[in-house]
Structure formats: structure tokens, C-alpha cells
Amino acid sequence: NNKMRKDIVDVTVTTPPTFPALPTMKEDVMKSSSTAIGLGAGMEFRRGKTRLQGYYGADAMLWYGGGTKETYTYGNALSTTTGAASTANSSDFGTGNINPAYSTSGYSGRVVSKKGGNSFGFGVRGFIGAEYFLFPKISLGGEFGWGLGISSTGAVTSTVEQFNAAGAAVGSTDYTVTKKSGGFSLDTDVNKFGTGASGALRLNLHF
């Protein structure tokens with residue numbers, strides 16, 4: 001969970017402040033949240049009792065990603081009198097919430113909420129590796145893995161409020177930011193399995 005606040009100039013105050021007074025300010029607030037849960041299990045088998053030992057096994061994992069949930073509260077209300085000025089004087093939280101690319105062309109707009117993109121996945125992998133013990137509890141090792149992954153991700157939708165300068169009108173529209181998607185992979189280890197590479201070299205400390 002994350003919450004950000006930013007001060008922004010109050011566009012309803014048209015009289016400039018008398019020096020050294022500061023402009024009248026309002027507050028924009030962005031709230032965001034996401035969830036990621038993974039559950040995995042595996043078996044490992046070893047061969048050898050000398051300094052050099054080999055091992056192999058398999059893992060399985062289920063994962064869930066809570067996707068995107070963002071809400072924006074703006075201090076300057078969007079109206080026919082302050083529409084363009086309110087959009088121009090709204091905080092950009094680095095999320096593309098002001099005049100997003102998917103909004104209606106030629107309109108001034110800002111995101112009010114964004115949600116969706118929940119993902120589910122399942123993966124299995126096999127691995128093989130070896131360790132050489134430099135000391136009784138310290139070893140150098142290498143591992144190679146190969147896995148299969150299946151995933152599904154839902155659509156992301158957004159609500160945008162917009163101001164049409166030509167018609168002096170305010171409206172709210174729902175957009176599909178990204179559509180539902182799915183994936184299938186059969187390859188060397190990927191991030192879903194915790195390594196992010198084709199193999200791994202590591203220093204192992206045994207307790």
C-alpha cells in the first residue's frame with residue numbers, strides 16, 4: 001500500500017498573493033495498492049559424500065498477483081469554469097495520470113481510478129547442480145534449471161474525467177488500458193522461479 005500527497009495551486013483564487021505571502025494551495029492525493037503471493041514446494045536429492053557433491057530435483061509453484069489499484073483525489077475540481085486550468089494544475093505522480101495516452105484526443109483529462117490486471121500462474125521446473133566444499137560448512141556451487149510456466153493476466157480499466165475546451169463540457173469515461181492476456185513458456189529458469197537467469201553460481205553457507 002502506498003499513499004502520496006502533493007500541494008497544488010488553488011485555481012479558484014485568481015488574485016495573485018501580496019508579497020511575501022504564498023499562493024493559496026490545495027492537496028492532491030494518490031492511493032495505490034498491489035498484492036503478490038507465491039506458494040512453492042520442491043524436492044532435492046544428493047549424490048556423493050566427499051567434498052564434491054551433486055544434486056538434482058524439481059520444484060512447483062503457484063502465484064497470484066493482485067494487479068493494479070489506484071485512486072486519485074484532486075484538490076481542484078474539474079468544472080466548465082476551471083476545467084483546463086484544473087487539469088493543468090493537477091499533480092503528476094509519475095504514473096501517467098495527467099492526459100493519459102489512451103484518453104480522447106484533443107481533450108484535457110486526468111485519471112480518477114485504475115484497477116485490474118490480476119494474474120494467476122503455475123510453474124514447474126527441474127534442476128541439477130553440484131557443490132564443492134572448500135570447508136566443512138562452506139561450498140561453491142553451480143546450478144542449472146529448466147521450467148514450464150503458464151500464466152493469465154486480466155484487463156486493466158481506468159476511469160478518466162475530461163474537459164472539452166471547445167464545448168466547455170466536463171465528462172467521465174471508462175477506458176480499457178490493457179486487454180486480458182496469457183502466456184506459456186518452456187525455457188531455462190526465469191524470474192517466476194526466483195533465479196532470473198539460465199544458471200546460477202553461488203557461495204553456500206550450511207548451518
Side-chain angles (χ1 to χ4, degrees), residues 1-39 62-121 151-183 190-197:
N1 294 293
N2 187 40
K3 187 175 184 178
M4 297 179 65
R5 301 175 183 268
K6 289 189 177 182
D7 288 332
I8 200 75
V9 174
D10 186 348
V11 298
T12 62
V13 179
T14 57
T15 304
T18 302
F19 181 83
L22 297 175
T24 303
M25 308 295 286
K26 288 190 173 182
E27 186 179 72
D28 290 350
V29 179
M30 184 199 80
K31 297 179 181 178
S32 63
S33 64
S34 61
T35 303
I37 300 172
L39 178 64
L62 291 170
W63 63 84
Y64 165 77
T68 300
K69 185 177 182 181
E70 299 173 2
T71 58
Y72 299 86
T73 304
Y74 301 99
N76 291 311
L78 203 64
S79 68
T80 55
T81 56
T82 64
S86 292
T87 302
N89 289 278
S90 297
S91 300
D92 180 359
F93 293 94
T95 60
N97 56 301
I98 306 300
N99 295 321
Y102 50 82
S103 65
T104 306
S105 178
Y107 286 56
S108 296
R110 58 191 186 184
V111 176
V112 178
S113 65
K114 185 185 293 185
K115 62 182 178 179
N118 294 348
S119 62
F120 300 87
S151 63
S152 176
T153 302
V156 176
T157 59
S158 180
T159 300
V160 176
E161 58 180 11
Q162 299 181 98
F163 174 78
N164 180 5
V170 173
S172 179
T173 309
D174 293 333
Y175 290 90
T176 298
V177 182
T178 57
K179 294 185 178 181
K180 182 178 179 181
S181 62
V190 293
N191 286 325
K192 296 289 188 184
F193 303 106
T195 62

What I'd like to find out is whether the side chain of [X] reaches to under 4.5 Å of the side chain of [Y], using heavy atoms alone.
| X | Y | value |
| --- | --- | --- |
| Arg110 | Tyr74 | yes |
| Glu70 | Phe93 | no |
| Ser151 | Trp63 | yes |
| Pro100 | Val160 | yes |
| Ser34 | Thr68 | no |
| Ser172 | Thr159 | yes |

Hey, could you give me the [atom1]/[atom2] distance between [X] and [Y], rounded to the nearest 0.5 Å?
| X | Y | atom1 | atom2 | answer |
| --- | --- | --- | --- | --- |
| Asn97 | Met30 | CG | CE | 8.0 Å |
| Lys31 | Thr73 | NZ | OG1 | 6.5 Å |
| Asn2 | Ser33 | CG | OG | 10.0 Å |
| Leu78 | Ser86 | CG | OG | 6.0 Å |

**Request:** List for me each residue that meets side-chain hydrogen bond (donor to acceptor under 3.5 Å, both in side chains) alongside Ser103, sequence neighbours excluded, and say none if there are none.
**Result:**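 For Ser103, no residue satisfies side-chain hydrogen bond (donor to acceptor under 3.5 Å, both in side chains) once neighbours in sequence are set aside.
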
Does the [X] side chain pair with the main chain of [Y], one donor and one acceptor, at a distance under 3.5 Å?
| X | Y | answer |
| --- | --- | --- |
| Lys6 | Asp92 | yes |
| Ser158 | Ser113 | yes |
| Thr153 | Ser181 | no |

Which heavy-atom pair separates [X] from [Y] by the least distance, and what is that distance?
| X | Y | answer |
| --- | --- | --- |
| Val170 | Ser79 | CG2-C, 3.5 Å |
| Ser91 | Ile8 | OG-CD1, 4.0 Å |
| Gly66 | Asn118 | O-OD1, 2.6 Å |
| Thr95 | Lys114 | O-NZ, 4.2 Å |
| Ile98 | Ser90 | CD1-CB, 3.6 Å |

**Item:** ring pair (Phe, Tyr, Trp, His ring centres under 6.0 Å) partners of residues 96-120, not counting sequence neighbours, each pair once
**Value:** Tyr64-Phe120, Tyr102-Tyr175

**Request:** Would you mind telling me which of Val9, Asp28, Asp10, Thr87 makes a side chain to side chain contact (heavy atoms under 4.5 Å, CB included) with Asn76?
**Result:** Asp10

**Request:** Please determine which of Thr24, Thr81, Thr82 meets the side chain to side chain contact (heavy atoms under 4.5 Å, CB included) test together with Val11.
**Result:** Thr82

**Message:** If you count heavy atoms of other groups shown closer than 6.0 angstrom to NZ of Lys26, is the number above 12?
**Reply:**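 Enclosed.
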
